[in-house]
Amino acid sequence: SPSLRMPAPLLAAAGRGLWAMGDGGPLARAIRAKLAAALQPTHLQVLDESSRHGGPPGAETHFTVVVVSGRFAGLPPLQRHRLVHAALRAELAGPLHALAIVARTPQQWENDPLVPPRPPCLGGSKQERRRD
Amino acid sequence: MSGVVRAAWRLGVAAARGPAGRPLSQAPAGRAAGGGAEGSGGSGSREAVERLVRAHPVVVFMKGSPAQPLCGFSNAVVQILRLHGVEDYRAHDVLQDPDLRQGIKNYSNWPTIPQVYLNGEFVGGCDILLQMHQNGDLVEELKKLGIRSALLDAEKDKDKK
């Protein structure tokens, strides 16, 4: 995607405009930037699924990331997910409440470019007084 | 993905209230006074978590219980285990115990819930369990634990017809 090749300052300056264009809020953009830097993905989707978990649209608490990267080659799923977690350590310690991950190599993505449907929310967030 | 799992997700809470695994949150006696998640003897200490993950071949840390999951991802784990006929496992509701909730994240170095342990070893969360279900790895891992997946019997019945 073109935004991955934009120089950082330009990306930041375009931030507000990008949100209006549907690239997501500040957390979505931070997640995208960190995953791009850490994993050089050939394909990257950062999806704010917060509205499916009882939050208002754009709440930025629950995300799904689809990361396609050669860095995953030879790594079992657990290690792939750990790489994603490492890139997003600060966000996971903060506002990022839940993270669903699809982590494939470019070859795997070419063979199967579909993302499994997400499980329905059961309102768990409403039951909690504090977040993770 | 498997139409069966998709159907299971649609059943949602209704299905989760069927015959279920053991819903229990184990808050061990004698939590350290004023201790945080890592307080010695506290429910979130490495020793306490170690005891829990070794207590049974299949151990799940989740939100809610198998009878009443409170999170879609936790419910997905319960549904997948149910598809394989695994109803006898240890489930711990981290919403009941903040020290345990933090303790398991420290123990597995994994930031989210649910968490699945097979034979005392951390396997991953809901996404990984789903992958294992889809690619046949879960049937193999259960077999190593001496648990015969119900899906093997379903396959056999199919072949008989």
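None of the values given here were measured: they were computed from a predicted structure. Letters A, B, ... mirror the listed sequences (proteins, then strands); counts begin at 1.
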Are B:F73 and A:V102 joined in one hydrophobic group, where the rule is that I, L, V, M, F, W and Y side chains link up if heavy atoms are under 4.5 Å apart?
no
Please check if B:L52 and B:L145 belong to a single hydrophobic cluster, counting links between Ile, Leu, Val, Met, Phe, Trp and Tyr side chain heavy atoms closer than 4.5 Å.
yes
More than 12 heavy atoms of other residues, nucleotides or ligands under 6.0 Å from CZ of B:R148: is that the case?
yes
What residues form a side chain to side chain donor-acceptor pair (under 3.5 Å) with A:H85, not counting sequence neighbours?
none
Taken in chain and number order and not counting sequence neighbours, the residues that satisfy salt bridge (charged side-chain N to carboxylate O under 4.0 Å, His left out) with B:R54 are B:E50
Pairwise side-chain hydrogen bond (donor to acceptor under 3.5 Å, both in side chains) hits with a residue in residues 117-129 of chain B, at least two apart:
A:R118-B:D127, B:Q115-B:Y117
Listed by residue number, which members of residues 64-81 of chain A have a heavy atom under 4.5 Å from any heavy atom of chain B?
A:P77, A:L78, A:H81
